[in-house]
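This report refers to the structure that appears directly beneath it.
Given the structure is predicted, the values throughout are model-derived calculations rather than measurements. Order of the sequence lines fixes the chain letters, A, B, ..., with proteins taken first and strands second; residue numbering starts at 1 for each chain. Excluded from the calculations below are hydrogen atoms, water molecules and symmetry mates; all remaining heavy atoms, backbone and side chain alike, are included.
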Amino acid sequence: MNVTQLLEQRFADAMTELAVDPGAFAGLIKPTKDDKHGDYQANLAMPLAKQLGRKPRDVAEELVRRLQADDFLEPPEIAGPGFINLRLRGDWLAQQMQSLFHDERLGVAAVPKPQRFVIDFSSPNVAKPMHVGHLRSTIIGDALQRLLRFLGHAVITDNHLGDWGTQFGMLIHGWKQHLDDKALQSDPVQEMVRLYLLVREKIKQAGAASEDDEEEAANPVAEACRLETAKLHEGDAENVRLWQQMMPWCQAELDRIYQRLDIHFDYTLGESHYNPELPGVVQELIAKGIAVESQGAWVIFLGENEPPALIRKKDGAFTYMTTDLATIRHRVKVFNADTILYVVDSRQALHFQQLFTIARRWGLEQTRLEHIVFGSVLGTDGRPIKTREGGAIELEALLDEAVQRARKIVEENSPELPAEEQRLVAEAVGIGAVKYADLSQNRTSDYVFSWDKMLAMNGNTGAYMQYAVARVRSIFRKGGIAVEDWRNGNYPVTLAHPQERQLALALIRLPEALNLAAQDFRPNAMTSYLWDLAKPYSSFFDQCPVLKAESESLKNSRLVLCDLTSRILQQGLALLGIHAPERM
RNA sequence: GCCCCCGUAGCUCAGGGGAUAGAGCAUCGGUUUCCUAAACCGAGGGUCGCAGGUUCGAAUCCUGCCGGGGGUACCA
């Protein structure tokens with residue numbers, strides 16, 4: 001049950017004889033910011049009055065007269081210039097709690113018209129350790145995937161790996177020059193990581209050696225790697241064989257981290273997958289007159305002030321624009337995507353703007369293409385986050401530190417938990433903290449990474465949500481309640497205490513929050529809701545005894561609110577890819 | 001040069017036509033014989049970068065300016 005939608009419906013009915021187009025007033029009914037204005041407010045009398053040439057307060061009065069909603073609303077009040085303040089009936093709200101209690105989907109209806117989404121996220125370069133730069137794409141993309149699926153959409157996740165670029169030249173070079181056979185036998189995945197890091201170091205040294213030269217001298221190691229990459233792309237038998245041999249190991253290295261983050265992809269079609277299609281794509285774009293030759297390269301001109309997009313370089317190599325075009329075609333023709341979401345750094349905005357324009361010219365205009373932008377991760381100094389040595393922070397090291405810090409907190413606060421459970425809780429809290437901190441931020445802004453803020457037990461953090469869940473579950477444990485059996489019962493709910501009512505109002509808003517989050521692909525709408533739920537729960541927990549309630553019926557009534565709180569918090573967190581343990 | 005994003009409390013950030021602009025941290029004060037105090041309650045703190053404009057109503061939309069960041073033909 002989505003209360004906003006219900007209200008919109010009733011107001012639309014009330015407006016049929018008044019407004020030319022009642023649909024034009026959608027979005028003017030919303031939860032109030034201040035509860036002295038009621039629970040919801042309808043702000044449509046002002047614009048409607050303007051349209052009708054009447055006084056706003058008169059229109060408000062007429063709307064209220066025509067409105068048929070006393071089955072769930074108190075009599076509406078008109079305030080100020082023509083605000084209509086709406087208050088839900090207590091008995092109706094209590095009744096809703098009972099329905100929610102027996103609803104596995106916690107009030108969320110599946111969308112009437114499911115769409116087919118393809119979500120492109122994470123997309124790291126293989127053969128190269130993942131670093132913080134991949135964090136946001138991976139976490140935000142996964143959250144969107146979960147949110148859209150829960151709403152009933154068909155979702156395909158596709159990890160568009162960078163598996164065909166220069167980093168593979170580096171690996172091949174490393175393999176040929178520095179391979180440790182023994183290490184390869186015992187742990188090939190680790191050997192791949194070692195080779196990559198080794199070659200990267202060699203390139204750095206070679207570069208440093210030539211730094212004094214006046215001219216920027218060619219870096220011999222880097223040059224050797226480029227050569228190996230070129231040979232791979234030309235189809236050199238040995239390099240292709242090495243690529244095929246090494247790919248699974250590189251994939252395994254990525255999978256380890258994805259598993260730890262609880263992230264899964266339906267498809268992993270990297271750049272290499274589209275390699276055979278690239279010449280055809282360019283041919284077609286030339287044939288259609290979209291691409292032209294310029295300065296020895298094949299390019300597409302887009303606008304007066306825009307640089308052209310390159311689809312084939314003068315040395316004959318294709319660009320990632322070409323690959324991305326082939327990828328769109330695949331997603332449109334094979335996956336039948338209605339919408340493709342690219343969860344990618346805002347710095348690539350121009351690339352996607354060009355890509356989408358070209359795709360439309362190419363004839364793929366029936367598919368909605370969206371660049372889901374996000375800002376950079378910054379250090380506390382406001383600069384892009386780096387290690388002390390100036391390198392990129394590796395994702396795994398970051399996760400390790402988060403878990404380690406969480407472990408310390410768990411040991412301090414819950415010494416009674418067995419060591420193994422402490423470990424599991426620390427993992428959930430640490431990883432959850434990293435995810436939640438990222439998701440709770442408006443994705444379009446840059447985000448300042450702070451351990452203290454992330455792992456704080458107070459405020460809008462993952463740990464606070466997890467703690468709220470643990471406190472609820474603790475009540476059931478202390479009360480010796482067999483939850484599964486107990487949930488089969490039917491318990492009248494009363495909302496006499498103000499904190500009970502506040503909590504119920506939050507519990508009923510999951511559908512609104514989900515819609516908001518899915519509408520603009522903004523997971524922070526979801527975290528914001530979880531905070532708006534956990535907060536009144538904490539107050540309720542403080543002020544309303546549950547197990548020691550005055551009567552058995554009040555106890556059960558409150559248990560229903562508790563159970564709903566933990567279920568919605570757990571579900572909400574799950575939709576963000578965050579696990580909430582039963583105890584912490 | 002051109003294009004994009006940002007500027008809100010001391011700090012980190014929500015809010016992106018609707019009522020007196022919110023939260024966390026920090027600061028100050030209060031709460032524990034009682035279900036997890038990893039908690040709760042309260043107080044102070046604002047020229048929403050500046051100036052115009054549109055509107056019944058602007059932090060929100062438009063224009064200009066100032067400040068910060070990013071992108072900008074052969075890396076992805």
Side-chain angles (χ1 to χ4, degrees), chain A residues 27-28 30 32-34 36-37 41 43-44 46-47 49-50 55-56 79-83 85 123 125 162 164-167 271 294-299 303-321 323-324 345-351 353 373 375-376 378 380 382-384 409-410 412-414 416 429 440-442 444-448 450 452-453 455-461 463-464 466-468 470-479 520 524-525 527-528 531-532 535 538-549 555 558-559 562 583-584:
Chain A
L28 290 171
K30 48 187 78 175
T32 52
K33 285 181 183 161
D34 186 338
K36 75 169 176 264
H37 298 133
Q41 59 177 313
N43 301 334
L44 25 75
M46 287 83 82
K50 177 129 190 132
K55 286 184 193 158
F83 297 111
N85 293 336
S123 305
N125 290 323
W164 199 242
T166 45
Q167 79 281 9
E271 290 169 353
S294 169
Q295 298 177 25
W298 287 96
V299 308
E304 283 288 308
N305 284 326
E306 271 187 71
L310 262 86
I311 56 169
R312 184 157 200 179
K313 303 192 275 192
K314 65 181 171 205
D315 67 1
F318 301 100
T319 69
Y320 77 135
M321 182 65 76
T323 315
D324 278 355
D345 196 328
S346 63
R347 282 173 300 194
Q348 298 207 32
L350 177 60
H351 168 70
Q353 188 199 314
V373 299
S376 310
L378 308 178
T380 32
R383 307 292 311 167
I409 297 166
V410 173
E412 266 169 37
N413 291 297
S414 307
E416 73 283 0
V429 170
S440 60
Q441 181 105 8
N442 181 329
T444 57
S445 36
D446 289 346
Y447 141 61
V448 176
S450 153
D452 291 339
K453 190 181 170 189
L455 282 158
M457 295 305 154
N458 214 330
N460 190 6
T461 68
Y464 181 89
Q466 289 167 321
Y467 182 61
R471 290 209 294 177
V472 178
R473 297 332 306 173
S474 170
I475 293 177
F476 285 84
R477 261 196 314 278
K478 274 275 161 56
D520 303 316
N524 75 315
T527 59
S528 189
W531 170 241
D532 287 339
K535 188 106 178 129
S538 281
S539 302
F540 163 88
F541 181 85
D542 197 58
Q543 293 175 38
C544 302
V546 178
L547 296 175
K548 288 173 186 162
K555 173 178 148 185
R558 286 182 174 167
L559 279 172
C562 288
R583 290 202 293 185
M584 62 186 277

Mind checking what makes salt bridge (charged side-chain N to carboxylate O under 4.0 Å, His left out) contact with A:Arg558, not counting sequence neighbours? A:Glu500
Does OP1 or OP2 of B:A14 have a side-chain N or O of A:Gln441 closer than 4.0 Å? yes
Distance check, rounded to the nearest 0.5 Å: A:Thr319 atom OG1 versus A:Leu310 atom CG? 6.5 Å
Is there a donor on the side chain of A:Thr166 or the base of B:A76 sitting less than 3.5 Å from an acceptor on the other? no
RNA chain B in dot-bracket, Watson-Crick or G-U pairs under 3.5 Å, [ ] crossing, | other strand? (((((((..((((....[...)))).(((((.......))))).....(((((..]....))))))))))))....
Return no unless some side-chain N or O of A:Ser445 is found under 4.0 Å from OP1 or OP2 of B:C6. no
Within the structure shown, what part of the strands sits under 4.0 Å from A:Val299 by heavy-atom distance: base, sugar-phosphate, or nothing? base
Give a yes or no on whether a donor-acceptor pair under 3.5 Å exists between the nucleobase atoms of B:A38, that is its base, and the side chain of A:Tyr467. no
Judged by each residue's nearest nucleotide on RNA chain B, which is more toward the 5′ side, A:Lys36 or A:Arg347? A:Lys36
Would you say B:A38 has OP1 or OP2 under 4.0 Å from some side-chain N or O of A:Asn413? yes
Hey, does A:Pro56 reach any base, or is it just sugar-phosphate, or nothing, if we go heavy atoms under 4.0 Å? nothing
Indicate, with a heavy-atom threshold strictly under 4.0 Å, whether A:Ser294 touches base, sugar-phosphate, or nothing. base
Regarding the side chain of A:Ser414, the nearest nucleotide among B:A39, B:A38, B:C35 is B:A38
How would you label the contact of A:Ala297 with the nucleic acid (heavy atoms, under 4.0 Å): base, sugar-phosphate, or nothing? base
Shortest non-hydrogen separation from A:Leu547 to A:Ile475 and the atoms involved: CD1-O, 3.6 Å
Heavy-atom closest pair (A:Met457 atom, A:Ala463 atom, distance to 0.1 Å) is SD-CB, 3.4 Å
Name the nucleic acid region contacted by A:Asn85, choosing base, sugar-phosphate or nothing; use a 4.0 angstrom heavy-atom cut-off, strictly under. base
Do the side chain of A:Gln41 and the base of B:A19 come within less than 3.5 angstrom through a donor-acceptor pair of N or O atoms? yes
How many Å lie between CD1 on A:Ile475 and P on B:U36, as a whole number? 7 Å
Between B:G18 and A:Lys30, is there an OP1 or OP2 to side-chain N/O distance shorter than 4.0 Å? yes
Between A:Tyr447 and B:G69, is there a contact of a side-chain N or O with OP1 or OP2 at under 4.0 Å? no
May I ask you to say what A:Asp446 touches in the nucleic acid, namely base, sugar-phosphate or nothing, with a heavy-atom cut-off under 4.0 Å? sugar-phosphate
Readout for nucleotides 27-34 of chain B: B = base within 4.0 Å of protein heavy atom, S = sugar-phosphate only, - = neither; 5' to 3' it is -------S
Heavy atoms from C-beta onward define the side chain here; which of B:A39, B:C74, B:A19 lies closest to that of A:Ala79? B:A19
Quick one: is A:Lys535 getting a side-chain N or O under 4.0 Å of the B:A23 phosphate, OP1 or OP2? no
I'd like to know if A:Thr323 reaches the base of B:A76 with its side chain, counting only an N/O donor and acceptor under 3.5 Å. no
Looking at B:A19 and A:Phe83: do their rings stack (centroid distance under 5.5 Å, interplanar angle under 30°)? yes
Do any side-chain nitrogens or oxygens of A:Asn458 fall under 4.0 Å of OP1 or OP2 in B:A38? no
Does A:Asn442 have a side-chain nitrogen or oxygen under 4.0 Å from the phosphate oxygens OP1 or OP2 of B:C13? no
Please say which of A:Gln353, A:Arg347, A:Gln348 ends up in a side chain to side chain contact (heavy atoms under 4.5 Å, CB included) with A:Leu350. A:Gln353
Is there a side-chain contact between A:Ser539 and the phosphate of B:A39, meaning an N or O under 4.0 Å from OP1 or OP2? no
Judged by nearest nucleotide, the residue sitting upstream toward the 5' end of RNA chain B, A:Lys478 or A:Ser538, is A:Lys478
